[in-house]
Amino acid sequence: MSDWIRKRDATAKLLAAALLTAAVLSTVDPFVTAVAIAVELALLPLTGLSARQLWQRGWPLLLSATVVLVFTVLLGARTGPVVGTVAGFDVHEPALGYALRLIAIGLPGFVMFATIDPTDLADSLIAHLKVPPRFAIGALAAFRLVPLLTDEYRLIRLARRARGIDAGWNPVAHLRLAASATFGLLVGAIRRGIRLATAMEARGFDRGQPRTSARETRFGWSDGSVVLAGATLATALILLKFVHT
């Protein structure tokens with residue numbers, strides 16, 4: 001049971017995550033979003049992901065939520081009940097709700113992409129959602145290339161450090177170098193995408209003829225239970241929103 005969700009169909013996990021995300025988007029109530037986060041974390045053992053993997057891949061989400069909370073407390077969200085005080089600033093309920101909602105929205109997507117094989121996703125989209133093969137195969141290629149961005153960003157920073165370009169302890173310089181490195185990463189990604197698109201066109205991926213699938217995918221009762229669980233949780237969160245208010 002430690003990897004039960006990982007073994008389920010990609011379409012089932014995609015639909016369940018979409019339903020849960022839609023329910024969380026409908027509210028900024030910190031109590032409801034906190035319940036959503038607790039339920040998502042409780043289901044984490046069924047994904048086969050360890051707490052260390054969750055931290056290694058999910059820390060940007062936590063950092064983003066913290067930034068949202070800080071800026072919302074400093075620049076907005078002056079209305080609503082005060083839920084606490086941090087460094088002399090009152091934290092209003094909407095500010096906390098926005099930060100928690102970001103985490104509650106990001107967790108389902110994180111779990112979905114961490115437990116789905118790109119090839120299984122493409123096959124499932126074509127077989128069950130009747131997505132055009134051209135789009136599905138393009139999504140497969142993009143999905144496989146995303147992990148390369150992290151390695152390329154690290155190589156860009158190491159190359160600049162080898163040339164003596166280092167921000168040291170200057171936070172402004174860090175932001176400036178990060179922005180320029182991100183721009184270089186974007187340019188490299190566009191060039192790789194163009195080369196990949198050209199290679200796919202040369203191999204006949206846009207001939208307009210019906211394509212066959214090398215592997216057959218089935219949508220069973222266990223896959224349907226994932227969608228049902230997602231719909232149930234989404235409904236429960238929406239009802240909890242009305243009950244709590």
Side-chain angles (χ1 to χ4, degrees), residues 2-3 5-6 10 13-14 17 21 37 40-41 43-72 98-125 135-203 205:
S2 61
D3 58 349
I5 293 181
R6 182 184 294 273
K13 290 184 282 190
L14 183 65
T21 300
I37 294 173
E40 292 164 0
L41 292 177
L43 295 175
L44 188 64
L46 298 179
T47 64
L49 298 173
S50 63
R52 181 178 181 182
Q53 290 174 315
L54 179 63
W55 170 252
Q56 288 177 341
R57 300 186 182 186
W59 67 264
L61 179 63
L62 185 60
L63 177 62
S64 301
T66 304
V67 172
V68 168
L69 178 62
V70 171
F71 275 90
T72 308
Y98 286 127
L100 292 178
R101 186 172 69 168
L102 179 59
I103 299 176
I105 291 173
L107 276 177
F110 161 77
V111 171
M112 183 191 69
F113 285 106
T115 58
I116 292 179
D117 180 76
T119 304
D120 293 338
L121 175 62
D123 292 340
S124 181
L125 290 176
F135 174 81
I137 295 174
L140 165 62
F143 203 172
R144 287 198 177 279
L145 291 177
V146 165
L148 296 179
L149 296 178
T150 303
D151 294 334
E152 286 197 356
Y153 185 80
R154 181 178 59 84
L155 290 176
I156 290 175
R157 295 191 60 181
L158 290 176
R160 291 185 173 184
R161 186 174 299 176
R163 294 195 299 268
I165 303 176
D166 192 1
W169 294 96
N170 190 340
V172 177
H174 272 289
L175 292 176
R176 180 175 55 81
L177 291 178
S180 60
T182 302
F183 179 77
L185 191 66
L186 177 62
V187 171
I190 293 175
R191 290 177 177 175
R192 182 182 294 105
I194 293 174
R195 292 195 299 268
L196 181 60
T198 302
M200 293 175 67
E201 294 285 350
R203 288 169 172 79
F205 278 90

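Closest approach of Ala136 to Ala122, counting heavy atoms only: O-CB, 3.8 Å. Across all non-hydrogen atoms, the minimal contact from Leu102 to Val68 is CD2-CG2, 4.0 Å. Looking at every heavy atom in both residues, Ala10 comes nearest to Leu121 through CB-CA, 3.8 Å.
In this structure, CZ on Arg6 lies 10.5 Å from CD1 on Ile116, to the nearest 0.5 angstrom. Taking CG from Leu46 and CD1 from Ile5, the interatomic distance works out to 5.0 Å, rounded to the nearest 0.5 Å. Distance check, rounded to the nearest 0.5 Å: OG1 of Thr115 to CZ of Phe110 gives 9.0 Å. Note that CG of Leu158 is 11.0 Å distant from OH of Tyr153, once rounded to the nearest 0.5 Å. Rounded to the nearest 0.5 angstrom, Ile156 CD1 and Leu177 CG are separated by 12.0 Å. Glu40 contributes atom CD, which lies 9.5 Å from atom CD1 of Ile105 (distance to the nearest 0.5 angstrom).
Between Leu44 and Leu49 there is a side-chain heavy-atom pair separated by less than 4.5 Å. Side-chain contact between Leu41 and Leu107 is present, with at least one heavy-atom pair separated by less than 4.5 Å. Leu14 has its side chain within reach of Leu125: a pair of non-hydrogen atoms, C-beta onward, lies under 4.5 Å apart.
Residue pairs satisfying the salt bridge (charged side-chain N to carboxylate O under 4.0 Å, His left out) criterion with at least one member in residues 102-121, sequence neighbours excluded, are listed as follows: Asp120-Arg215.
The neighbour count for Arg160 CZ, taken as heavy atoms of other residues, nucleotides or ligands under 6.0 Å away, is above 12.
In this structure Leu100 satisfies the side chain to side chain contact (heavy atoms under 4.5 Å, CB included) test together with Pro30, Thr33, Ala34, Ile37, Leu96, sequence neighbours excluded. Legend: residues meeting side chain to side chain contact (heavy atoms under 4.5 Å, CB included) with Leu175, ordered by chain and number and at least two apart, are absent.
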